[in-house]
Amino acid sequence: MREPVLVPRLQPFTSTIFAEMTALAVRHEAVNLGQGFPDTDGPAGMLEAAKNALFGGANQYPPGPGRPELRAAIARHRLRYGTAYDPDTEILVTAGATEAIAASLIALTQAGDEVIVIEPYYDSYAAAVAMAGAERRVVGLVERDGRFALDVESLRAAVTDRTRAILINSPHNPTGTVFTRAELEAVAALCVTHDLIAITDEVYEHLVFDDAEHLPLATLPGMRERTVSISSAGKTFNCTGWKIGWVCASPELVAAVKAAKQFITFVSGGPLQPAVAHALDHELPWAEDLRTSLQDKRDRLAAGLADAGFAVRPTAGTYFVCVDVRPLGFEDAAELAWELPERVGVAAVPVKVFTDHPEEWKHLLRFAFCKRNEVIDEAVTRLRKLR
Ligand code: PMP
Ligand code: GLN
């Protein structure tokens with residue numbers, strides 16, 4: 001066989017930090033605050049609905065766009081933001097947000113196009129842009145006024161005549177920032193002026209804390225028709241392994257994304273789709289309780305990390321809190337992350353792996369707080385040994 005077998009555009013993507021860190025955590029019996037997944041189940045009513053579907057014969061291919069009751073429930077859910085989508089032509093069910101993002105990029109961008117991504121970026125974005133054959137242009141968040149903020153000037157400067165799309169994730173993984181209305185208005189203005197497509201990753205839409213509010217970009221003037229709004233059930237209902245996601249967009253954009261999606265997986269998660277429909281219709285109060293409990297967990301972990309000697313950055317949403325490792329005498333959070341499971345028995349994820357500018361981000365380490373309180377407390381106890 002000719003070597004190397006992997007095509008050059010995918011060679012940077014042979015492993016994921018989440019799989020690597022989870023494997024390391026398992027090897028050293030470390031508390032895993034690396035990969036973001038909850039350690040408790042979602043609402044019992046949703047699990048019951050899945051069981052009923054599984055034993056009720058819903059085990060063959062669902063319709064290509066997704067089961068009608070799920071598309072209808074997604075449309076009803078989206079109305080909470082004031083935007084109406086036609087479940088038949090404007091909604092597509094996908095294998096998680098990950099497939100929705102990849103299919104959108106593959107369908108809407110190609111070689112010669114540039115896609116703007118905000119740094120640090122969720123790891124699948126770079127790989128998906130590469131699969132599409134397009135090029136990523138990164139715009140870094142900046143620490144300003146006690147939060148990670150969008151640098152609107154840099155964003156404006158990143159737009160070229162080749163820019164086709166911009167990928168916006170809010171609430172933002174890994175920083176936990178939630179974009180403000182002013183930031184989103186600036187993104188919208190650029191999209192309208194330069195006729196760009198916006199792809200939004202809103203998987204943490206329900207997980208916002210204090211007085212932060214999730215504002216979908218598609219609700220801003222001029223954006224409804226040019227935005228591919230993406231979300232999924234995993235974070236809202238503690239079912240990250242189900243991989244039920246969705247796209248809401250204009251009929252033209254949904255048809256385009258479907259053209260790619262239907263030849264990637266065609267369909268997935270048949271018996272889980274009615275359960276997610278149930279959850280969207282009936283379990284949002286459960287998700288509200290989850291939000292409150294995650295806010296407490298954020299505070300619990302943040303206080304523990306500060307006590308252990310890290311400089312903790314604020315987080316307004318998601319599962320994650322970032323810390324600066326320099327007060328403990330470390331320079332590079334990635335070096336620390338690799339040693340941490342063996343040295344103290346905790347796993348975390350270095351932020352620099354989500355960037356094209358590792359030097360600028362190397363002091364930050366991301367911890368997940370979507371864990372039981374005793375797990376968080378155990379991690380903190382172990383981390384105190386770093387001093
Ligand atoms: N986007 C972001 C920002 C995420 O953190 C995650 C992961 N958990 C995903 C997308 C993937 O979502 P899904 O599991 O629905 O594919
Ligand atoms: N989204 C989760 C995180 O950011 C992990 C998802 C994955 O393992 N691919 O930690």
Side-chain angles (χ1 to χ4, degrees), residues 13-26 32-39 42 66 70 74 92-105 117-129 141 148 167-179 199-208 214 217 228-248 257 261 264-265 268-269 272-273 276 279-280 294 301 315-322 337 347-355 364-371:
F13 307 110
T14 51
S15 70
T16 97
I17 188 71
F18 306 118
E20 286 179 15
M21 281 303 163
T22 291
L24 200 60
V26 170
N32 188 359
L33 303 189
Q35 192 178 26
F37 61 89
D39 58 359
L70 176 54
I74 292 165
L92 175 69
V93 176
T94 56
T98 307
E99 185 193 43
I101 293 160
S104 299
L105 289 164
V117 299
I118 308 301
E119 176 179 275
Y121 50 80
Y122 183 59
D123 67 341
S124 85
Y125 300 174
V129 170
L141 294 178
F148 290 92
L167 192 38
I168 292 288
N169 170 221
S170 180
H172 182 261
N173 179 4
T175 62
T177 214
V178 176
F179 289 141
I199 300 170
T200 64
D201 177 345
E202 304 176 36
V203 300
Y204 299 100
E205 63 184 308
H206 287 279
L207 308 185
V208 292
H214 174 62
L217 189 60
V228 179
S229 305
I230 293 172
S231 192
S232 85
K235 309 302 176 335
T236 304
F237 301 114
N238 279 17
C239 57
T240 60
W242 283 18
K243 302 295 283 191
I244 302 292
W246 51 85
V247 168
C248 298
V257 177
K261 183 264 182 301
I264 302 176
T265 55
S268 62
L272 306 176
Q273 292 191 18
V276 171
L280 287 171
L294 280 169
L301 180 60
T315 191
T318 75
Y319 284 164
F320 309 112
V321 60
C322 290
V349 167
V351 168
K352 79 174 191 187
V353 301
F354 305 117
T355 77
L364 293 175
L365 192 58
R366 187 197 83 172
F367 289 91
F369 50 79
C370 49
K371 307 289 176 183

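Read the numbers this way: they start at 1 and go in the same order the structure lists the ligands and their atoms.
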query: Is the backbone of Phe179 close enough, under 3.5 Å, to the side chain of Ser170 for a donor and an acceptor to pair up by distance?
result: yes

- request: May I ask whether Tyr122 places a heavy atom under 4.0 Å from ligand 2?
  value: yes

Ligand 1 versus His172: contacting region, heavy-atom distance under 4.0 Å: neither

task: Please work out whether any backbone atom (N, CA, C, O) or any side-chain heavy atom from C-beta onward of Ser232 is under 4.0 Å from ligand 1, and answer side chain, backbone, both or neither.
output: side chain

- request: Check each atom of ligand 1 against the heavy atoms of Lys235 and keep those under 4.0 Å away; list them by number with element.
  value: 6 (C), 7 (C), 8 (N), 12 (O)

message: For a 4.5 angstrom cut-off between non-hydrogen side-chain atoms, does Leu141 reach Tyr121?
response: no

- prompt: Can you find a pair of side-chain heavy atoms, one from Val276 and one from Ile74, that are under 4.5 Å apart?
  reply: no

field: Gly36, any N or O under 3.5 Å of ligand 1 N or O
entry: no

query: Which residue holds the protein heavy atom closest to atom 16 (O) of ligand 1, what is that atom called, and what is the gap in Å?
result: Thr98 OG1, 2.6 Å

statement: In ligand 2, the atoms that come under 4.0 Å of a heavy atom of Gln35 are 5 (C), 7 (C), 8 (O), 10 (O)

query: Within the distance-only criterion (no hydrogens, no angle test), does the side chain of Thr16 pair as donor or acceptor with the backbone N or O of Ala19 below 3.5 angstrom?
result: yes

query: For atom 12 (O) of ligand 1, what is the nearest protein heavy atom, given as residue, atom name and distance?
result: Ala97 CB, 3.6 Å

message: I'd like to check which ligand 1 atoms, numbered from 1 as shown, lie under 4.0 Å from a non-hydrogen atom of Asn173.
response: 3 (C), 4 (C), 5 (O)

field: Asn169, Thr318, Asp201: member with heavy atom nearest to atom 2 (C) of ligand 1
entry: Asp201

statement: The closest protein heavy-atom partner of atom 2 (C) of ligand 2 is Gly36 O, 3.8 Å

- request: Please tell me if the side chains of Lys371 and Phe37 come closer than 4.5 Å, counting only heavy atoms from C-beta onward.
  value: yes

For atom 7 (C) of ligand 2, closest protein heavy-atom neighbour: Phe18 CD1, 3.4 Å

field: Where ligand 1 meets Tyr204 - atom numbers and elements under 4.0 angstrom, heavy-atom basis
entry: 3 (C), 4 (C), 5 (O), 8 (N)

message: Students often mix this up, so state it plainly: with edges at 30° and 60°, are the rings of Tyr319 and Tyr204 parallel, tilted or perpendicular?
response: perpendicular

query: With respect to Glu99, which candidate in Val247, Ile230, Ile264, Val93 satisfies the side-chain contact (heavy atoms from CB on, under 4.5 Å) definition?
result: Ile264

message: With a 3.5 Å distance limit and no angle check, can you tell me whether Arg366 reaches the backbone of Ala348 through a side-chain donor-acceptor pair?
response: no

- request: Report the C-alpha distance between Gln35 and Thr22 in whole Å, list the side-chain angles of each, state the deciding distance to 0.1 Å, and finish with yes or no for side-chain hydrogen bond (donor to acceptor under 3.5 Å, both in side chains).
  value: CA-CA 6 Å; Gln35 192 178 26; Thr22 291; 2.8 Å; yes

- request: Below 4.0 angstrom from a heavy atom of Lys243, which ligand 1 atoms are there? Numbered from 1 as shown, please.
  value: 13 (P), 14 (O), 16 (O)

- prompt: Does Asn173 have a heavy atom less than 4.0 Å from any atom of ligand 2?
  reply: yes

Thr177 backbone acceptor or donor facing Thr175 side chain under 3.5 Å: yes

- request: Have a look at ligand 2 and work out which part of Arg366, if any, has a heavy atom under 4.0 Å from it: side chain, backbone, both or neither.
  value: side chain

message: Tell me the contacting part of Phe320 for ligand 2: side chain, backbone, both, or neither, using a 4.0 Å heavy-atom threshold, strictly below.
response: side chain

query: Heavy atoms only: which of Tyr122, Trp242, Phe354, Tyr121 is nearest to atom 6 (C) of ligand 1?
result: Tyr122

Within-4.5 Å side-chain heavy-atom neighbours: Pro171 and Leu207: no

